[in-house]
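Comments concern the structure below.
Quick caveat, the model's predicted, so the values are computed rather than measured. Note on naming: letters A, B, ... go to the chains in the order of the sequence lines (proteins, then strands), and numbering restarts at 1 for each one.
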Amino acid sequence: MENTTIADLFDEMADLMEFRSENPFRIRAYRGGAQAIRDLDEPIAAIADDPNRELADLPGIGKTLAEKTMRLLESGTFPQLEELREAIPPIVIQISRIPGLGAKKAAKLYELLDIESLDDLKRACQEGLVSKLKGFGAKTETMILDGLQIAKQASERIYWATGDELATTIGDYMKTCTAIEMIEWAGSYRRGRETIGDLDLLVVASDRTAAMDFFESFSGRSGTIMRGDTKISIRVAKAFQVDMRLVDADQFGAALQYFTGSQAHNIHLRKLAKERDLKINEYGVFRNDDGSKVAGDTEQSVYQSVGLPWIAPELREDRDEFEWARNDALPELIELSDIVGDLHMHTTATDGNASIREMADAAIKRGLQYIAITDHSKRVTMASGLDAERLRQQWLAIDEIRKEYDGRLQILKGIECDILEKGGMDLPDDCLAEADWVLASVHYGQKQSREQISERILGAIENPHVDCIAHPTGRLINRRPAYDADMEAIMKSAKSHNKWLELNANPARLDLNDIHLAAARRHGIPIVINTDAHSVDGLNVMKYGIKQARRGGLTKRDVANTKSWIDW
DNA sequence: AGCAGTCGTGCTTTGGGGTTTGCACCCCA
């Protein structure tokens, strides 16, 4: 059993316990254990098998979690997990994923209205049954109808980052199969969409039966959905589907292009082929007159057959990519190695779990030239946010540390300052004026009217001490919608005030999204890609931000933290 | 449930605001 699978099961246990309002510290212990196992750089099974090592020696894993890990490795589950799975129907969990509903209200809906599916719930809301219940009103009913889509998607699609872990594990495994000659992921995973519904693996094999057998022997497989001559589908982890398609080597490019999509992109491409009296399908590119094949072994050859250069998968959404390709104006998309700084991270002063020094050392290890320490301001009570006095103390500490890192890393005095519900910043101007770098962000009053919340953000942009708006739309993928803000007005104001916008690389945020990024690029607003790290490992999420930036068509030139700090 | 140290026990983030209702629930990093 893979580390990620074990971690997922501990997280599931924590979810179920949370649902039962059990001791929050026990819940945290499960989450902590899950994170610890996820972050290991070796299989936990290897540690379990080694007589000289103890699972309980791992930080975050004690006697109990060590024992449960052993049970998982032996049987794939443990009794407490099974008990809770029995006790809590999956539909109740699904209902509680609707923003605004929690465990109690979800259970009430399930029991009182006999809700068996999200569609049942939708019907009950439309018939006005929900607002008649004690503890529910008209606003809650509207909120449920608005949030149903989010809950539905959460049960069907996983974060790109989660898909990436799974794809990497399966891909590394499949590459050890001697019958496989070519292998590539296709689908929305290859295009870097923010969520993934399933995974598509494309393979050329010298022995198809052997390749399929090998695929079916993957240790994380929980079942086989179907197996034919050219396609096999298995289930892994939480009922997630992974397809493998077998094609001939001379069809590989055409198949890869076809199965990567998007559908809209493929329709457009085929229309272009038709205009040239060609036909493109998953087997190749063919002339209509004599049926002869003109391309298909590589993707390049497919695009070339209609007179276009190869188009990066991240751009294949039928937005601007064909026009760019036709005019030889495809953006040279940004890469992880272009990033030289990270301007959003937290420390133990608020809700981070590493010190300034630990973050600095980790940043150097990742090849960065500069970082900004940006802890929360005081309004964020839950994270024990900083007031002006504590913030100035932190800056004194940074002054001390700077000497040690001179010539190796620039450490900037920053702050993630809240934009208050009534408008205005959470810290006085004289304090913000002393910072090297000020992020402004909304955490509270997210459900305010479009006018209110837009005005708050515009006010922050107009504040001369604010440099950048962090996670500008506030959305959490599969969990929470964006603020109802006027993004067009925000971009215009950012441009005219010479302010930057963040692309928050946290895989649950990825905020701004691809559409907004493309708009920011058109406006000429510099984007800053930040990790918002709350730990040393949190710095690793930069790669997800890069993927999202590429989907927005961003180049190195469009992203501010590809430049040295002194060049700004 | 993990952890530190007291080796059995206490500690482990915080508190205000909205909705619906009159206290309970949910949200916010």
Span that lies between the P atom of B:dT6 and that of B:dG10, in whole angstrom: 14 Å
Sugar-phosphate, base or nothing in reach of A:Gly60, heavy atoms under 4.0 Å: sugar-phosphate
Interatomic distance at C1', B:dG2 relative to B:dC7, whole Å: 15 Å
Out of B:dA1, B:dA29, B:dG22, whichever nucleotide has its closest atom nearest the side chain of A:Asn23: B:dA1
Selection from B:dA29, B:dT13, B:dG22 that lies nearest to any side-chain heavy atom of A:His376: B:dA29
Touch class at under 4.0 angstrom, heavy-atom based, for A:Pro59 against every strand present: sugar-phosphate
Side-chain donor-acceptor contact under 3.5 Å, A:Tyr544 with A:Asn506: no
P atoms of B:dC28 and B:dC23, separation to the nearest Å: 26 Å
Interatomic distance, A:Lys63 NZ vs B:dC3 P [rounded to whole Å]: 14 Å
Watson-Crick/G-U partner (both atom distances under 3.5 Å) of B:dC27: B:dG16
Donor on one side chain, acceptor on other, A:Asn530 and A:Asn504, under 3.5 Å: no
Value in whole Å for how far the P atom of B:dG15 lies from CG of A:Asp351: 15 Å
A:Ile93 and A:Glu12, any side-chain heavy atoms less than 4.5 Å apart: no
Under 4.0 angstrom between A:Lys447 side-chain N/O and B:dT19 OP1 or OP2: no
Separation between the C1' atoms of B:dA29 and B:dG16, rounded to whole Å: 15 Å
Whole-angstrom distance between B:dG22 and B:dT12, as gauged at atom P: 34 Å
Proximity to the side chain of A:Glu421 - top-ranked nucleotide from B:dA29, B:dG17, B:dG2: B:dG17
Polar contact flag, side-chain donor to acceptor under 3.5 angstrom, A:Asp532-A:His471: no
Test item: side-chain donor near acceptor, A:Tyr189 and A:Asp164, under 3.5 Å: yes
Distance below 4.0 Å between A:Arg509 side-chain N/O and B:dA29 OP1 or OP2: yes
A:Tyr444 side-chain proximity, nearest of B:dG2, B:dC28, B:dG22: B:dC28
N/O (side chain, A:Thr64) to phosphate O (OP1/OP2, B:dG2) under 4.0 Å: yes
A:Leu55 CG - B:dG2 C1' separation (whole Å): 15 Å
Rounded C1' spacing from B:dC25 to B:dT21 in Å: 11 Å
Presence of A:Arg480 side-chain N/O under 4.0 Å of B:dA29 phosphate oxygens OP1/OP2: yes
Rounded interatomic separation in angstrom, taking CG from A:Asn506 and P from B:dC28: 14 Å
Strand contacts (DNA chain B) in residues 103-132 of chain A, 4.0 angstrom heavy-atom criterion: A:Ala103, A:Lys104, A:Lys105
Most 5' of A:Arg379 and A:Ala56 on DNA chain B, judged by nearest nucleotide: A:Ala56
B:dT13 to B:dA4 separation - P atoms, rounded to the nearest Å: 14 Å
Pair A:Glu416, A:Ser377: side-chain N/O donor-acceptor within cut-off below 3.5 Å: no
Whole-angstrom distance between B:dC11 and B:dG17, as gauged at atom C1': 29 Å
Among A:Arg551, A:Lys547, A:Arg475, A:Arg157, the one residue meeting salt bridge (charged side-chain N to carboxylate O under 4.0 Å, His left out) with A:Glu194: A:Arg475
Touch class at under 4.0 angstrom, heavy-atom based, for A:Ile61 against every strand present: sugar-phosphate
Options B:dA1, B:dG15, B:dT19, nucleotide nearest the side-chain atoms of A:Met382: B:dG15
Sugar-phosphate only, base, or nothing, as touched by A:Lys68 at under 4.0 Å among non-hydrogen atoms: sugar-phosphate
Distance-only side-chain donor-acceptor flag, A:Arg456 / A:Gln448, under 3.5 Å: yes
Check ion pair A:Lys499-A:Glu462 (N to O, under 4.0 angstrom): no
Rounded distance in Å - CD (A:Gln448) to C1' (B:dG16): 14 Å
Side-chain N or O of A:Arg26 closer than 4.0 Å to phosphate OP1/OP2 of B:dT12: no
Spacing of A:Leu476 atom CG relative to B:dC28 atom C1', expressed in whole Å: 10 Å
A:Glu141 with A:Lys132: basic N within carboxylate O range, under 4.0 Å: no
Assigned partner base of B:dG22, Watson-Crick or wobble definition, under 3.5 Å: none
Side-chain N or O of A:Thr140 closer than 4.0 Å to phosphate OP1/OP2 of B:dT20: yes
Phosphate-side-chain proximity, A:Ser384 and B:dT13, N/O vs OP1/OP2 below 4.0 Å: no
Integer-rounded Å distance: B:dC26 C1' and A:Asp146 CG: 17 Å
Between P of B:dG18 and NZ of A:Lys422, the distance in whole Å: 9 Å
